[in-house]
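Down below is the structure, laid out as structure tokens.
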Amino acid sequence: MSKYSRTALLAALAALLACSCARKKADEAPGMPAAGPAVAAAPAAPASPPSQAEAERLTAGRTAPATPGDPRRREAAPSPDQPPAEPAAPTGVVGPSPQPTTTAESAVGGTSATETTRDLALDQGSPLSDRLHGTEARHAEGGEDSANGYDEQHGQGRRGARDNDEAVRPPPEPRRELVRSFYLSNDDSMSLSSAQRIEYAIEKGLAVPRAHIRPHELLNYYSFETAPVDPGQTFSVKADISAGESGGYTLAIAVRGRSVSREERTPLVLTLVLDVSGSMRDEGKMEFLQQGLLAMLDQLKPGDVVNLVTFNQNAKTILDDFEITDDSPTRLRRAIEGLQPGGATDLHEGLTLGYGLAEKSLDPEKNNRVLLVTDALTNTGTTDERLIAEVGRRYDDQKIRLSGIGVGADFNDELLDRLTERGKGAYVFVGSESVVDRVFKDGFTSLVETIASDVRFRLDLPASLALERFYGEEASTDRSRVQAIHYFAGTSQLFLSDLALADREPEASDEVKLTIEFEDPSTGTATEKTFAFRVGDILADPTRNVLKARLLMAWARHLSQLADHQDTTDREQAAKVEDQCREAQSDLESRARSLSGDADVSRIRELMDMFCARFEGAGPTRHNDYPPEE
């Protein structure tokens with residue numbers, strides 16, 4: 001900078017300082033009115049005015065310097081006399097960051113945020129959930145897509161900032177780094193209950209609570225194309241990558257665990273803990289329980305050991321260390337048929353007695369499992385928190401796993417989810433005869449047989465791609481932040497991610513890798529298996545897996561958008577809901593055209609039609625206010 005320019009700059013700064021001091025004295029003077037927005041006095045004119053660049057530097061304290069990067073990041077408001085800056089290109093990710101911050105977004109409930117912990121789970125923050133609530137994460141963050149540029153966090157919109165030169169403008173967020181290697185989990189407890197409860201509620205004409213719509217569980221429940229598991233292997237992996245609907249790419253990875261037949265499965269020490277409280281007489285809950293357990297008898301084999309505990313306000317042992325033989329199921333059948341509901345519900349008492357019998361019958365050579373069947377509507381005894389701690393302690397001490405079966409539309413979904421998570425098991429929901437058969441017949445081995453323990457999945461992307469959004473429950477670059485799960489026989493699930501371009505288009509030789517870390521449940525032997533796929537080999541037009549996953553996510557979004565208006569009595573609102581339903585039906589119909597012959601897709605469209613039927617004709621009668629011309 002020349003001596004002349006420095007002189008001009010110093011003169012301008014001095015003038016600004018003098019104005020500030022004068023204003024401060026005026027504000028402090030008694031009886032004087034409060035000062036309005038600050039207006040800078042014109043600087044004393046130098047021999048030649050300062051350059052435009054130097055003038056901009058004089059006001060640099062008013063607005064944070066522009067930083068190119070993620071367009072979802074909140075930007076500082078422009079000054080009134082300057083046009084707003086052009087938004088950054090919507091790349092979804094940005095270049096290397098000086099801080100270990102994340103770029104990916106997890107599809108779970110809440111609002112997404114940038115964290116410095118390198119955690120992608122984002123404490124239940126997710127754009128998918130925001131979309132399910134009708135609001136994009138970038139909208140909530142006051143980014144370029146916000147209505148009127150409104151900053152909800154700071155309560156200050158761009159318009160307000162223009163009207164007030166003293167408005168506090170938050171500094172720009174740090175640039176986010178590319179995330180190419182991370183651990184991920186669709187669901188801690190491998191639950192299927194979300195889809196089962198949605199189907200049940202729609203079939204019965206009941207409301208579908210927003211809390212029951214968990215998109216990642218839909219990816220566990222409905223079937224996808226998988227690769228066969230090679231002999232002697234535990235898992236197979238099928239990868240598909242396609243162009244994304246709004247730029248970037250969509251990656252679908254289908255993981256399948258090996259199947260185990262009745263003859264092949266590990267002998268069981270099975271402790272049945274059955275809820276016989278008064279609430280079990282409602283909605284056919286006891287009938288479902290008895291029907292399922294009677295169907296289960298055909299899945300037991302000689303050498304299995306069964307304990308049977310019932311509980312209401314008290315717990316009672318019905319069978320103790322009962323070994324299955326060719327002719328013994330008769331006694332077990334009579335015990336099941338004799339169950340009668342009544343009384344209060346002390347779930348803690350039932351599980352405590354059940355775990356005691358399981359420990360008494362513990363056999364390290366067998367699969368030691370507690371199977372809890374309940375509506376989990378606890379109304380007496382130990383609190384939920386102590387109950388959950390007890391389950392965790394019993395598992396940690398004895399490695400006795402807990403599987404859960406929820407019955408009834410009102411079952412305590414959250415409690416059963418937390419119990420089975422602590423007990424390293426899965427839980428399902430039973431609400432119809434078809435589901436009873438699916439759980440207790442064909443699905444019984446999957447419910448009780450663990451093929452891999454402490455399973456973790458790690459996804460590694462090539463330099464050309466980075467994670468933008470994961471449609472699952474947990475994702476983090478920190479291994480310890482993603483809970484390990486147990487994988488059950490014959491189980492498959494789909495990991496769905498949106499990917500953004502890093503600095504170039506992917507090449508055919510670029511590799512996508514999924515590494516599975518797990519332990520043998522019998523020997524404890526640790527194993528690590530990596531499945532690598534060349535982008536050129538798996539890149540294609542949207543595959544059936546990608547298309548079906550997108551349809552499921554769209555269905556979840558439509559249901560969530562309608563969830564808050566299911567019981568509306570306002571006719572005008574009902575008419576709007578009816579129109580939204582038509583749009584949802586049309587969207588699913590369009591998506592289904594590429595998935596002809598898929599039974600799940602037909603079922604989802606049928607459920608959407610049933611759900612929307614409740615709104616038909618609910619709105620005001622539409623008519624023409626003007627008579628036709630004669």
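- Side-chain atoms of Arg210 do not come within 3.5 Å of backbone N or O of Gln561 as any donor-acceptor pair.
- Ion pairing of Arg458 with Asp460 is present here, as a side-chain N (NZ or NE/NH1/NH2) and a carboxylate O approach within less than 4.0 Å.
- Listed for the His486 side chain is a donor-acceptor partner under 3.5 Å among the backbone atoms of Asp454.
- Shown here are the ring-ring contact (aromatic ring centres under 6.0 Å, His included) partners of Tyr222, two or more places apart in sequence or in another chain: there are none.
- Here the side chains of Ile400 and Leu402 are not in contact, with every heavy-atom distance at 4.5 Å or above.
- Pairing each heavy atom of Val273 with each of Leu351, the nearest pair is CG1-N, 4.2 Å.
- Atom NZ of Lys366 is surrounded by more than 12 heavy atoms from other residues, nucleotides or ligands within 6.0 Å.
- Under 3.5 Å, the side chains of Asp600 and Ser223 contain a donor-acceptor pair of N or O atoms.
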Can you check side chain to side chain contact (heavy atoms under 4.5 Å, CB included) on Leu268 and Val305, steps first, answer last? CA-CA 6 Å; Leu268 270 170; Val305 173; over 6 Å; no
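- In this view, Ser261 and Glu263, Glu264 satisfy the side chain to side chain contact (heavy atoms under 4.5 Å, CB included) rule, not counting sequence neighbours.
- Using modelled atom types and a 3.5 Å distance limit, the side chains of Ser453 and Arg401 yield a donor-acceptor pair.
- For Asn307, the side chain to side chain donor-acceptor pair (under 3.5 Å) criterion is met by Thr271, Ser361, not counting sequence neighbours.
- Between Leu289 and Val276, every side-chain heavy-atom pair lies at or beyond the 4.5 Å cut-off.
- We find the CD1-CG distance between Ile336 and Leu272 to be 7.0 Å, quoted to the nearest 0.5 Å.
- Taking Glu519 as the reference, nothing meets the side chain to side chain donor-acceptor pair (under 3.5 Å) condition, with sequence neighbours excluded.
- Note: Phe457 and Phe495 meet the aromatic proximity criterion, with ring centroids under 6.0 Å apart.
- With sequence neighbours left out, the ring-ring contact (aromatic ring centres under 6.0 Å, His included) criterion links Phe224 to no other residue.
- The residues Arg479 and Glu517 are annotated as salt-bridged, a charged nitrogen and a carboxylate oxygen being separated by less than 4.0 angstrom.
- For CD of Glu365, the number of neighbouring non-hydrogen atoms (other residues, nucleotides, ligands) closer than 6.0 Å is 12 at most.
- Under the salt bridge (Lys or Arg N to Asp or Glu O under 4.0 Å) criterion, the residue pairs touching residues 278-287 are Lys285-Asp375, Lys285-Asp410, with sequence neighbours excluded.
- Under the 6.0 Å cut-off for aromatic ring centres, Phe235 and Phe518 qualify, their centroids lying closer than that.
- Ser194 approaches Glu217 most closely through the heavy-atom pair N-OE1, 2.8 Å.
- Arg369 and Thr450 share a side-chain donor-acceptor pair at under 3.5 Å.
- Closest approach of Val260 to Thr445, counting heavy atoms only: O-CG2, 3.4 Å.
- The structure places CD of Gln291 at 7.0 Å from CZ of Phe288, a figure rounded to the nearest 0.5 Å.
- In this structure Thr530 satisfies the side chain to side chain donor-acceptor pair (under 3.5 Å) test together with Thr515, sequence neighbours excluded.
- Not a single donor-acceptor pair under 3.5 Å links the side chain of Thr310 to the backbone N or O of Leu274.
- Residues Leu467 and Ser497 share a closest heavy-atom pair of CD1-CB, 3.9 Å.
- Ser277 places no side-chain N or O within 3.5 Å of a backbone atom of Gly343 that could act as its donor or acceptor partner.
- In this structure, CE in Met610 is found 14.5 Å from CZ in Arg605, a value given to the nearest 0.5 Å.
- Side-chain atoms of Leu372 and Leu419, non-hydrogen and from C-beta on, do get closer than 4.5 Å to each other.
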For Phe533 and Ile253, run side chain to side chain contact (heavy atoms under 4.5 Å, CB included): C-alpha distance rounded to whole Å, both residues' side-chain angles, the deciding distance at 0.1 Å, then the answer. CA-CA 11 Å; Phe533 304 90; Ile253 297 180; 5.9 Å; no
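- Using a 3.5 Å distance cut-off with no hydrogens or angles, the side chains of Asp478 and Tyr183 do not pair a donor with an acceptor.
- Lys441 forms no cation-pi arrangement with Phe444, by the criterion of a distance under 6.0 Å to the ring centre and an angle within 45° of the ring axis.
- Distance alone, capped at 3.5 Å, places no donor-acceptor pair between the Thr525 side chain and the Asp520 backbone.
- Donor-acceptor pairing under 3.5 Å is lacking for the side chains of Asp346 and Gln313.
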Could you pull out all donor-acceptor pairs under 3.5 Å where a side-chain atom in residues 352-360 meets a protein atom, sequence neighbours excluded?
unit_1	atom_1	unit_2	atom_2	d
Thr352	OG1	His348	O	2.8
Glu359	OE1	Arg394	NH1	2.9
Glu359	OE2	Arg394	NH1	3.0
Lys360	NZ	Asp320	OD2	2.9

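- At a threshold of 4.5 Å between non-hydrogen side-chain atoms, the residues Ile485 and Ser185 count as touching.
- Considering every non-hydrogen atom in both Leu184 and Val482, the closest pair reads C-CG1, 4.0 Å.
- Contact check for Arg438 versus Asp442: no side-chain heavy atoms found under the 4.5 Å cut-off.
- Qualifying ring-ring contact (aromatic ring centres under 6.0 Å, His included) partners for Phe311, counting only residues two or more places apart in sequence or in other chains: none.
- Asn367 places none of its side-chain heavy atoms less than 4.5 Å from the side chain of Leu270.
- To the nearest 0.5 angstrom, Thr374 atom OG1 is 11.0 Å from Ile405 atom CD1.
- Looking at residues two or more places apart in sequence or on another chain, you find a ring-ring contact (aromatic ring centres under 6.0 Å, His included) between Phe611 and Phe615.
- For residues 295-306, the side chain to side chain donor-acceptor pair (under 3.5 Å) pairs, not counting sequence neighbours, are Arg265-Asp304.
- Here the CZ-CD distance, from Phe488 to Glu449, works out to 10.0 Å after rounding to the nearest 0.5 Å.
- With hydrogens and angles ignored, the 3.5 Å screen pairs a side-chain donor or acceptor of Asn186 with a backbone N or O of Leu494.
- Put simply, CG on Leu293 and CD on Glu337 are 11.0 Å apart, with the number rounded to the nearest 0.5 Å.
- With contacts defined as side-chain heavy-atom distances shorter than 4.5 Å, the pair Val309/Ile318 does not qualify.
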Evaluation steps, side chain to side chain contact (heavy atoms under 4.5 Å, CB included), between Met286 and Leu339: CA-CA 8 Å; Met286 182 56 67; Leu339 298 175; 4.1 Å; yes
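- Closest approach of Glu225 to Ala254, counting heavy atoms only: O-CB, 3.4 Å.
- A search for side chain to side chain donor-acceptor pair (under 3.5 Å) contacts involving Arg603 returns Glu203, Glu606, not counting sequence neighbours.
- In this structure, the side chains of Leu514 and Val255 come closer than 4.5 Å at one or more pairs of heavy atoms.
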